[in-house]
Amino acid sequence: MNDSKELALKAARILDQKGANDIDILEVGHLTSITDYFVIANGRNIQSVRSLAEDLEEKLAEAGVEPRRKEGERESKWIVLDYAHVIVHIFHPEERKFYNIERLWQDGTNQVEFIPLGATVASGEE
């Protein structure tokens, strides 16, 4: 997988299929040199945060993509998976609300469109 945006979208789809909530993708390459995209999501509780991270890591590994670093697995309130050009943040709902990293990184132009599974059905479109 050689395209950063493609990897960000794939990560978001995997998280969505596993039941993650409030998935956002932000293009941040013009704001920082550390990465091109942030994928931000949250689980329902500590167990689901851990499960989301494990499932994402497993599915991306099957595609030949391994994280450079992982942080936060022990507490599972904010797990970060660093895939170089894409950094995935998986939060416990309270931690996400507290840190609100979208506020820090969203500039009004860098939200990548991502439609979660079932969103079109829920809105009445087919």
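We count residues from 1, following the sequence as given. All values derive from a computational prediction rather than experimental measurement.
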- Message: Looking only at side-chain N and O atoms, does Trp78 offer a donor or acceptor that is under 3.5 Å from a partner on His89?
- Response: yes
In terms of side-chain geometry, is the basic nitrogen of [X] or [Y] positioned less than 4.0 Å from the acidic oxygen of its partner?
X     : Y      : answer
Lys10 : Asp3   : no
Arg69 : Glu71  : yes
Arg96 : Glu102 : yes
Glu57 : Lys70  : yes

Check for me, please, whether [X] and [Y] land in the same ILVMFWY cluster - side-chain distances under 4.5 Å, paths through other members count.
X      : Y      : answer
Val86  : Ile101 : no
Tyr83  : Ile25  : yes
Leu104 : Phe98  : yes
Ile40  : Ile14  : no
Leu15  : Phe91  : no

Locate the shortest heavy-atom distance separating [X] from [Y]; write the atom from each residue and the value.
X     : Y     : value
Val88 : Ala11 : CG2-CB, 4.2 Å
Ser51 : Lys18 : OG-CE, 3.1 Å
Ile90 : Val49 : O-CG1, 3.7 Å
Asn21 : Arg44 : ND2-CG, 3.7 Å

- Query: Between Trp105 and Phe38, what is the ring plane arrangement, given parallel below 30°, perpendicular above 60°, and tilted in between?
  - Reply: perpendicular
- Message: Using a 3.5 Å distance criterion without hydrogens, assess whether the side chain of Asn110 forms a donor-acceptor pair with backbone atoms of Asp107.
- Response: yes
- Quick one: does Ser4's side chain have a donor or acceptor within less than 3.5 Å of a partner on Asp36's backbone? no
- Message: If you count heavy atoms of other groups shown closer than 6.0 angstrom to CD of Glu94, is the number above 12?
- Response: no
Quick one: pull up [atom1] in [X] and [atom2] in [Y] and give me the separation to the nearest 0.5 Å.
X      : Y      : atom1 : atom2 : value
Leu52  : Gln17  : CG    : CD    : 12.0 Å
Asn42  : Ile23  : CG    : CD1   : 9.0 Å
Gln106 : Gln111 : CD    : CD    : 5.0 Å
Arg74  : Ile79  : CZ    : CD1   : 12.0 Å
Gln47  : His92  : CD    : NE2   : 8.5 Å

- Task: Sequence neighbours left out, what pairs pass ring-ring contact (aromatic ring centres under 6.0 Å, His included) with at least one residue falling in residues 9-28?
- Result: none
- Item | Non-hydrogen side-chain atoms of Ser76 and Ile46 separated by less than 4.5 Å | yes
- Among Leu9, Val112, Ile87, Val28, whose side chain to side chain contact (heavy atoms under 4.5 Å, CB included) with Tyr37 holds? Val112
- Residue set satisfying side chain to side chain donor-acceptor pair (under 3.5 Å) with Asp55, at least two apart, ordered chain then number -> Lys59
- Item | Criterion side chain to side chain contact (heavy atoms under 4.5 Å, CB included) on Leu60 and Leu7, from CA distance to verdict | CA-CA 9 Å; Leu60 289 180; Leu7 177 58; 3.9 Å; yes
